[in-house]
Visitor: 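This is the structure I have questions about; it appears just below.
Whatever order the structure lists them in is the order used to number ligands and atoms, beginning at 1.
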Amino acid sequence: MEQAPIETPERRAFYNRIDKQNMTALWTVMGDLITPEPKSPCVPALWRFDEIHAAMIEAGKLITAKEAERRVLVLENPGLRGQSKITTSLYAGVQLVMPHEVAPAHRHSQSALRFVLEGQGAHTSVDGERTRMSPGDFIITPIMTWHDHGNETDQPIFWLDGLDIPLIQFLDASFVERLDRDEQPIAKPAGDSSARYGANLLPIDYHGRGATSPIFNYPYARTREALHQLATAGNHDPCHGIKMRYTNPVTGDHAMPTMGTFIQLLPKGFSTSRYRATDATVFAVAEGRGRTRVGDQTLAWGPKDIFVVPSWHPIVHEAAEESVLFSFSDRPVQEKIGVWREDRGNA
Ligand code: GTQ
C-alpha cells in the first residue's frame, strides 16, 4: 500500500484515542515502513582530503590524542547530521596521530577498520601485536580486542576509520573498557599474524576464533601487486573494473562480520557500467583521479578523498587516470540475512 487511506473525522478521533495508549494504526504508516525500493535520508557526498587535512591539523593544535582518547573528525552524511553516521548503518572518521603521541588502549564491541591515507611508520597495536602502518594498508581491530595507536616517527599519520557504531547502537549492544595504562603489553613479534594466517597457511590445529579475520594488516604492497597482475591479465568486469574483496582466510567469508571491505582498480579512461546495490558504500581513493556519477550528481575525486554512495543509487565510475579505490559497506550483514541485492543494469 503506497498511499495511506483517507482520514475521516471518525478515524482521526480514533487515532487520537489510541495514541494515548501507545498504539498506532498500521495503515497510516505502512507506506513509510515497507517501501517499494530502499528509501533513505542518506545522500551522496564527498570529502576532499585537503579540507580534511587542514581541519585535522587545526584539531592537532587544539587537543592531544591522549586527551581526546581518539583525535578523529567524524565524516557525517549531510542527510544524517548530528548522528555520527556516514551511512545509516556505518560510521567513518579520519584519525590523526601526531609524532610521539599515543591514542590510549581500549576495547569495544564495535569492529573497526583503518585505511591508511598519509604518513608512514606509525603503528597500531591489536591484541598484543604491533603493526606498522603504510598508505593503503587495510588494518582490522576485531570486536573486543585491545587496541592503541602510537607514532614514533617525525610525521603525522592520517587514516580513515570505519566502524559499525550505528549498527551496534541500533542493537543496543555497546560495551567499552579502558586499560589502566596507555599502551598494552606487546606479546607477539611484529608480523606474527601475517606469518601465521596470511601466507596461505594455517596452524595445524587452528579452527578460527570469532567472526573476524585473524590477520590484522592487509598491506597495500601485496594488494597493489595483485591488482597490477590482474589488470595486466585483463578481463575487467564492466561494472567494477578489477574488484576484489578482503577475506578471512579461515572461512573465506568477508574479513569482518559487519563490514565488507573491497579494493578495485580502474584503468585509465575506464568507465564502469551503471550499477547499484543495496549496501550503501564508503569509498576512499588510494590512487588516481576520476569521477563517480551517482544519479544526477557528479563526485570528482583525487587521492585520499572519501565519498559515500547511498543504498540503491546507480553509480558510474570514470577513471581519468589509473585509479585504485578502497571501499567498505554493511554487505556481510545484508548477505547473512538474505536481503543484499544488486542490479548490474545491462552488464
Ligand atoms: O581508534 O579505537 O574513529 O574507538 C572511533 C572510535 C576510532 C579507535 C574511531 C574508536 C576509534
Visitor: Could you give me the CA-CA distance, side-chain angles and deciding distance for His123 and Asn151, then say whether side-chain hydrogen bond (donor to acceptor under 3.5 Å, both in side chains) is met?
Guide: CA-CA 6 Å; His123 64 266; Asn151 186 353; over 6 Å; no
Visitor: Establish, for the pair Lys85 and Tyr91, whether the NZ or CZ atom is under 6.0 angstrom from the six-membered ring centre and no further than 45 degrees off its axis.
Guide: no
Visitor: Distance-only check: which donor-acceptor pairs under 3.5 Å involve side-chain atoms of residues 174-183, not counting sequence neighbours?
Guide:
from: Ser174; atom 1: OG; to: Gln110; atom 2: NE2; distance (Å): 3.1
from: Glu177; atom 1: OE1; to: Arg107; atom 2: NE; distance (Å): 3.1
from: Glu177; atom 1: OE1; to: Arg107; atom 2: NH2; distance (Å): 3.0
from: Arg178; atom 1: NE; to: Glu69; atom 2: OE1; distance (Å): 2.8
from: Arg178; atom 1: NE; to: Glu69; atom 2: OE2; distance (Å): 3.1
from: Arg178; atom 1: NH2; to: Glu69; atom 2: OE1; distance (Å): 3.4
from: Asp182; atom 1: OD1; to: Lys66; atom 2: NZ; distance (Å): 2.9
from: Asp182; atom 1: OD2; to: Lys66; atom 2: NZ; distance (Å): 2.8
from: Glu183; atom 1: OE2; to: Arg130; atom 2: NH2; distance (Å): 3.2

Visitor: Give the minimum heavy-atom separation between Arg293 and Thr298, together with the two atoms involved.
Guide: NH1-OG1, 3.1 Å
Visitor: Give a yes or no on whether Arg245 atom CZ has more than 12 heavy-atom contacts from other residues, nucleotides or ligands under 6.0 Å away.
Guide: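 Atom CZ in Arg245 is crowded, with more than 12 foreign heavy atoms closer than 6.0 Å.
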Visitor: Heavy-atom contacts with ligand 1 below 4.0 Å: which residues, ordered by chain and residue number?
Guide: Arg70, Val72, Tyr91, Gln95, His106, His108, Arg114, His147, His149, Asp161, Leu163
Visitor: Which heavy-atom pair separates Ser311 from Thr278 by the least distance, and what is that distance?
Guide: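 Closest approach of Ser311 to Thr278: OG-O, 3.1 Å.
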